[in-house]
Undergrad: 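Submitted below is the structure of interest, expressed as structure tokens.
When reading the values below, keep in mind they use all heavy atoms of this one structure, side chains included, and skip hydrogens, waters and symmetry mates.
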Amino acid sequence: MSESIQLRNICKIYRTEVVETTALQHLDLTVKKGEFIALMGPSGCGKTTLLNILGLIDVPNSGSYHLDGHDTGTLSSNDIVSLRRANIGFVFQHFNLLAELTVEENVELPMIYQGVGKTNRKETVSRLLEQLKIDHRGKHLPSLLSGGQQQRVAIARALANNPAVLLADEPTGNLDHDTSVEILNILSELKQSGATIVMVTHSQHDAEYADSIVEMLDGKIQK
């Protein structure tokens, strides 16, 4: 199984005029294609910083990051944006759906940015909403959906461009237990279909759905 993610000797330091904070310290991480890992650790341990680097939202001060064979450190800003749009899907705790767009329009949006043709966009939206059992809500606005339904839409949107990696940041944080189990089962099914998933969670219950658990502390991965 080839590598989807390879981080080597990653360091990230945030500096202001009065303080310097080391968020990540000489961190190594490898995630194989089709692997589902859970990132755990106390608040402030570097999980969010790591997820932002994986998602090409932030860049490390040193070290290397290879994503699906691409050395991200050699890419221009425009190339980084293109790589992120084509290879990364995001699922957030707060859903982040656009309130003025319907379910179908929210899922379609990433494909518009990628220049996908209208016919292909419509076919993909239909397939994903059916796969995630939310197709009966396609014409509705997010405000008319339950939390679990909104998260299904968010997952569909994250999958729209068939990304190499799905990043999930506390995806069940705003959901009740039964709905959380539904979402975790969906992630497990996606993994079985070949998706590579990195999920940040504080829940041991949620983490047990992953293939492996990566514990972080003080910007480092615990061996």
Side-chain angles (χ1 to χ4, degrees), residues 1 3-16 18-68 72-73 84 87-96 147 151 154-155 158 163-177 179-188 190-191 195-223:
M1 193 164 46
E3 295 165 352
S4 188
I5 289 170
Q6 185 184 72
L7 300 177
R8 290 292 178 266
N9 203 30
I10 293 291
C11 295
K12 181 62 182 180
I13 299 171
Y14 294 101
R15 295 183 175 92
T16 68
V18 296
V19 68
E20 178 177 287
T21 302
T22 300
L24 298 176
Q25 303 184 57
H26 305 290
L27 183 146
D28 294 337
L29 177 67
T30 298
V31 184
K32 302 292 187 180
K33 287 186 177 179
E35 189 176 8
F36 182 0
I37 73 164
L39 291 176
M40 298 193 73
S43 296
C45 72
K47 298 188 303 298
T48 298
T49 299
L50 176 55
L51 206 68
N52 286 341
I53 288 175
L54 292 176
L56 301 173
I57 295 171
D58 204 350
V59 295
N61 294 96
S62 60
S64 65
Y65 173 23
H66 286 77
L67 170 63
D68 205 31
T72 64
R84 181 172 63 240
N87 289 272
I88 302 290
F90 295 93
V91 180
F92 303 97
Q93 177 179 348
H94 297 289
F95 318 133
N96 288 6
Q151 194 61 293
I155 293 172
V165 176
L166 185 66
L167 302 178
D169 189 4
E170 297 280 358
T172 66
N174 283 334
L175 305 176
D176 60 62
H177 174 75
T179 306
S180 295
V181 169
E182 290 179 9
I183 296 302
L184 290 163
N185 283 334
I186 288 172
L187 294 178
S188 295
L190 292 172
K191 186 270 176 187
T196 304
I197 302 172
V198 179
M199 176 179 70
V200 167
T201 182
H202 284 98
S203 167
Q204 184 67 38
H205 170 268
D206 289 9
E208 289 172 359
Y209 281 77
D211 297 320
S212 60
I213 299 173
V214 175
E215 295 276 358
M216 293 188 64
L217 184 66
D218 296 333
K220 301 177 181 178
I221 289 176
Q222 302 300 290
K223 304 298 185 183

Undergrad: Contact between I53 and I10 at the side-chain level, heavy atoms closer than 4.5 Å - yes or no?
TA: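 Yes; the side chains approach each other to less than 4.5 Å.
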
Undergrad: Would you say the side-chain atoms of Y209 pair up with the backbone N or O of S188, donor to acceptor, closer than 3.5 Å?
TA: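 Here the side-chain-to-backbone pair does not exist.
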
Undergrad: Give a yes or no on whether the backbone of L39 and the side-chain of E215 come within a donor-acceptor separation of less than 3.5 Å.
TA: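 Checking the backbone N and O of L39 against the side chain of E215, no donor-acceptor pair under 3.5 Å is found.
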
Undergrad: Are H177 and H205 close enough that some pair of their side-chain heavy atoms sits under 4.5 Å apart?
TA: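 Heavy-atom side-chain distance check passes, below 4.5 Å.
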
Undergrad: Are any non-hydrogen side-chain atoms of L54 and V165 less than 4.5 angstrom apart?
TA: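 The answer is no, as the side chains (C-beta and beyond) never meet within the 4.5 Å cut-off.
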
Undergrad: State, with a plain yes or no, whether a side-chain heavy atom of H94 is found less than 4.5 Å away from one of N174.
TA: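 Result yes, sub-4.5 Å side-chain heavy-atom pair found.
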
Undergrad: Just so I know, are the side chains of T196 and V31 near enough to count as touching, which here means a heavy-atom distance under 4.5 Å?
TA: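 Result yes, sub-4.5 Å side-chain heavy-atom pair found.
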
Undergrad: With the threshold set at 4.0 Å, does a side-chain nitrogen-carboxylate oxygen contact exist between D211 and K191?
TA: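 Yes, D211 and K191 are salt-bridged.
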
Undergrad: Starting at CG of L50, measure out to CG of L29 and round the result to the nearest 0.5 Å.
TA: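 That separation rounds to 6.0 Å.
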
Undergrad: Got a second to check how far S64's OG is from Q6's CD, nearest 0.5 Å?
TA: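 Going from the OG atom of S64 to the CD atom of Q6 covers 6.5 Å.
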
Undergrad: Nearest 0.5 Å, please: how far is CD in Q151 from CG in N96?
TA: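 So the CG of N96 and the CD of Q151 are separated by 9.5 Å.
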
Undergrad: Is L27 close to K12 at the side-chain level, that is, under 4.5 Å between some pair of heavy atoms?
TA: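 No - every pair of side-chain heavy atoms lies 4.5 Å or more apart.
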
Undergrad: Could you tell me if the side chain of I183 sits less than 4.5 Å from the side chain of I186, heavy atoms only?
TA: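 I186 vs I183: side chains touch.
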
Undergrad: Taking all non-hydrogen atoms of both residues into account, name the closest pair between A38 and T201 and its distance.
TA: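 Shortest heavy-atom contact: CB-CG2, 4.3 Å.
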
Undergrad: Report the C-alpha separation of D58 and Y14 in whole Å, then their side-chain angles, then the decisive distance to 0.1 Å, and conclude whether the side-chain hydrogen bond (donor to acceptor under 3.5 Å, both in side chains) test is met.
TA: CA-CA 11 Å; D58 204 350; Y14 294 101; 2.8 Å; yes

Undergrad: How close do E35 and K32 get, heavy atom to heavy atom, and via which atoms?
TA: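 The pair with the smallest heavy-atom distance is OE1-N, 2.8 Å.
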
Undergrad: How are the rings of F90 and F92 set relative to one another: parallel (under 30°), tilted (30 to 60°) or perpendicular (over 60°)?
TA: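 Parallel: the ring planes of F90 and F92 meet at under 30°.
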
Undergrad: Looking only at heavy atoms, what is the nearest atom pair of I213 and A207, with distance?
TA: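 For I213 versus A207, the nearest heavy atoms are CD1-CB, 3.7 Å.
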
Undergrad: We want to know whether T179 and D176 form a side-chain donor-acceptor pair, criterion being a heavy-atom distance below 3.5 angstrom.
TA: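 Looking only at side-chain atoms, D176 and T179 do form a donor-acceptor pair, the distance falling under 3.5 Å.
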
Undergrad: Looking only at side-chain N and O atoms, does D68 offer a donor or acceptor that is under 3.5 Å from a partner on S4?
TA: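 Per modelled atom types, S4 and D68 side chains form no pair under 3.5 Å.
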
Undergrad: Distance only, no hydrogens: is a donor on one side chain within 3.5 Å (strictly under) of an acceptor on the other, for R15 and T21?
TA: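 Distance-only check fails for R15 and T21.
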
Undergrad: Got a donor-acceptor contact below 3.5 angstrom from the T22 side chain to the I13 backbone?
TA: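 Such a contact is absent between T22 side chain and I13 backbone.
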
Undergrad: For T172, is there any backbone N or O sitting under 3.5 Å from a side-chain donor or acceptor partner on Q93?
TA: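 No.
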
Undergrad: Between D28 and N9 (side chain of the first, backbone of the second, donor and acceptor by atom type, cut-off under 3.5 Å), is there such a pair?
TA: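 Yes; at least one donor-acceptor contact below 3.5 Å.
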
Undergrad: Determine whether a donor-acceptor pair (N or O, by modelled atom type, separation under 3.5 Å) exists between the side chain of K47 and the backbone of G41.
TA: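 A pair under 3.5 Å: yes.
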
Undergrad: Return the CG to CE distance between L24 and M216, rounded to the nearest 0.5 Å.
TA: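 Output value for this atom pair is 5.5 Å.
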
Undergrad: Less than 4.5 Å apart, any side-chain heavy atom of P171 and any of V91?
TA: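 When only atoms from C-beta onward are counted, V91 and P171 do touch, with a gap below 4.5 Å.
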
Undergrad: Would you confirm whether T16, through its side chain, and V19, through its main-chain N or O, come within 3.5 Å as a donor-acceptor pair?
TA: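 Indeed, once roles are kept as given, a pair shorter than 3.5 Å links the two residues.
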
